[in-house]
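All remarks here apply to the structure that follows.
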There are 2 protein chains.
Amino acid sequence: MKTEHKGGLVVLKLGGSAITIKEKEMTPNGKVIERLCKEIAEAKPEKLLMVHGGGSFGHPLAKRYRIMEGFHEKSQFLGFAKTHHAMTVLNQLIVKSLLDNGVPAIGIAPSSFIITKKGRIESFDLNVLTEMLKMNFTPVLYGDAVLDSENGFAILSGDQLVSFLAVKLEAERIIIGVDVDGLFTADPKMDDSAELIEEVSPSELEKMLLKIGRTEAVDVTGGMFGKMNELLKAAKHGIPILIVNALKPNKIYKALRGERVVGTLIWKG
Amino acid sequence: MKTEHKGGLVVLKLGGSAITIKEKEMTPNGKVIERLCKEIAEAKPEKLLMVHGGGSFGHPLAKRYRIMEGFHEKSQFLGFAKTHHAMTVLNQLIVKSLLDNGVPAIGIAPSSFIITKKGRIESFDLNVLTEMLKMNFTPVLYGDAVLDSENGFAILSGDQLVSFLAVKLEAERIIIGVDVDGLFTADPKMDDSAELIEEVSPSELEKMLLKIGRTEAVDVTGGMFGKMNELLKAAKHGIPILIVNALKPNKIYKALRGERVVGTLIWKG
């Protein structure tokens with residue numbers, strides 16, 4: 001991949017659908033987490049920042065207590081606290097596995113210091129992250145329930161964090177590990193005619209997203225286009241994004257090493 | 001206790017020696033944690049902020065990797081990460097128990113946003129804590145391995161956090177739960193003639209600490225006077241501090257309710 005420069009920051013996202021068992025609440029996909037952390041340890045770029053999603057840890061609780069809708073009633077407070085706690089449990093499993101493989105990983109709790117405004121990051125002191133990356137620590141953030149200055153609280157998605165941090169910290173590239181091979185023309189789990197999009201420019205992707213936004217109430221591509229709306233911000237900023245299947249061994253390893261693997265590359269080319 | 005005003009902020013510290021098994025690395029005192037979280041849920045003041053120590057989770061790792069001495073060599077990075085991770089494990093146990101008892105507790109990770117300078121808090125954005133307390137969440141902080149602008153990293157003790165936050169957030173009172181009945185004239189675990197100090201003014205306490213500082217290399221009172229140096233800052237600020245035995249049932253409950261229990265009250269009277 002032409003865009004690799006040694007020493008540059010790599011932002012790696014591990015999707016909740018890959019690292020947890022979707023159907024079972026609060027259930028990690030232990031084998032996948034272990035394998036991925038080994039791959040990360042073996043391929044580790046000097047500067048690595050990680051973000052992971054919530055999967056069956058964060059989503060069911062956030063949905064049950066309607067955290068994404070903001071504050072409505074007092075019973076949500078316990079729900080907010082439970083949602084954050086569930087995410088710390090998942091985060092700890094990943095950090096533990098990284099530590100066991102020799103990666104100096106540090107869990108960073110978004111809700112401890114980030115406040116959103118209508119769901120968008122409003123204040124974010126980058127000082128600690130910047131210093132940690134200088135010392136070659138691997139910060140591991142996650143989608144989290146956070147306070148919101150307009151709505152009381154909100155869900156800050158891992159994808160928003162990825163785009164925000166990649167731009168602010170001038171990342172060299174972004175790798176997104178999901179449970180499919182990349183971005184498809186339709187939902188590969190539902191539609192046999194779905195084709196993998198191997199490369200797409202930010203402007204082409206934007207056109208695709210606008211078209212979907214106009215025509216489809218439901219996301220026909222299995223949720224992937226929704227994530228793309230968030231990641232498009234970093235892509236338009238000139239940061240290449242590679243989406244790969246984290247469930248398939250060695251994809252994350254190779255992607256971290258800068259090798260071109262099966263997946264979707266979003267880049268202006 | 002004359003100083004109780006309803007609605008005021010109470011800062012509660014749970015000492016590492018009470019909530020962990022000192023002799024066994026990474027071993028919580030599960031029964032004590034469970035009982036204390038029940039007591040806290042039953043007596044919970046509207047505004048409560050908690051801080052806990054490290055005990056057998058944080059201390060052995062911090063010592064092994066000499067984190068308190070600051071950065072010396074690269075092998076410490078993994079040790080720093082492991083120390084923080086151990087503290088998040090202990091924090092999660094306490095938060096989980098509070099949640100199970102209906103307390104909307106939120107673990108707050110000091111290392112995610114606090115930087116010290118030569119071991120003293122240098123920057124601390126209080127925004128998130130202030131908002132959480134307004135919403136009657138119970139933030140639960142802990143002694144942690146943090147970045148240090150002079151020395152690379154440092155240990156930020158729970159006691160420093162207690163004093164700092166109580167002063168900044170204008171706490172009404174501080175309760176310190178430890179594994180002894182309070183402050184003694186000598187180490188009650190070593191010396192039968194040790195007498196409990198039931199009440200002491202900040203200026204008297206300061207004189208005692210100065211005397212010890214001049215005459216004793218080793219802290220003869222079982223480590224309690226060391227903690228007092230930190231807490232003296234809040235005491236001199238006019239915040240009453242009650243030290244009680246968290247290993248004895250209902251002491252924390254009664255203290256939270258504003259009742260006078262066996263222990264040491266540090267107050268200007």
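Just so it is clear: chains get the letters A, B, ... in the order the sequence lines come, proteins before strands, and each one is counted from 1.
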Option in F77(B), F71(B), F153(B) with maximal non-hydrogen atom pairs under 4.5 Å from chain A: F77(B)
Checking A105(A) against chain B: side chain, backbone, both or neither under 4.5 Å from a heavy atom? backbone
Select one option (side chain, backbone, both, neither) describing which atoms of V103(A) are under 4.5 Å from chain B's heavy atoms. backbone
Would you find more than 12 non-hydrogen atoms of other residues, nucleotides or ligands less than 6.0 Å from K254(B) atom NZ? no
Tell me if the CD atom of E150(A) is crowded by more than 12 foreign heavy atoms within 6.0 Å. yes
What part of K74(A) gets closer than 4.5 Å to chain B, counting heavy atoms only: side chain, backbone, both or neither? neither
Close side-chain approach of M135(B) and L147(A), heavy atoms under 4.5 Å: yes
Whether F137(A) and F80(B) hold their rings parallel, tilted or perpendicular, with breakpoints at 30° and 60°: tilted
Main chain of S112(A), side chain of S112(B): is a donor-acceptor contact present, judged purely on distance under 3.5 Å? no
I'd like to know whether NE2 of H237(B) has more than 12 heavy-atom contacts from other residues, nucleotides or ligands below 6.0 angstrom. no
Given heavy-atom pairs under 4.5 angstrom as the criterion, report whether the side chain, backbone, both or neither of K96(B) touches chain A. both
Of V95(A), N91(A), I106(A), which meets side-chain contact (heavy atoms from CB on, under 4.5 Å) against H85(B)? V95(A)
If I take atom OG from residue S111(B) and atom CE from residue M132(A), how far apart are they, to the nearest 0.5 angstrom? 5.0 Å
Step through the shown structure and confirm whether more than 12 heavy atoms of other residues, nucleotides or ligands are within 6.0 Å of CD on E170(A). no
Positive for side-chain contact (heavy atoms from CB on, under 4.5 Å) with N127(B), one of D125(A), I114(A), I115(A): I115(A)
Checking L78(A) against chain B: side chain, backbone, both or neither under 4.5 Å from a heavy atom? both
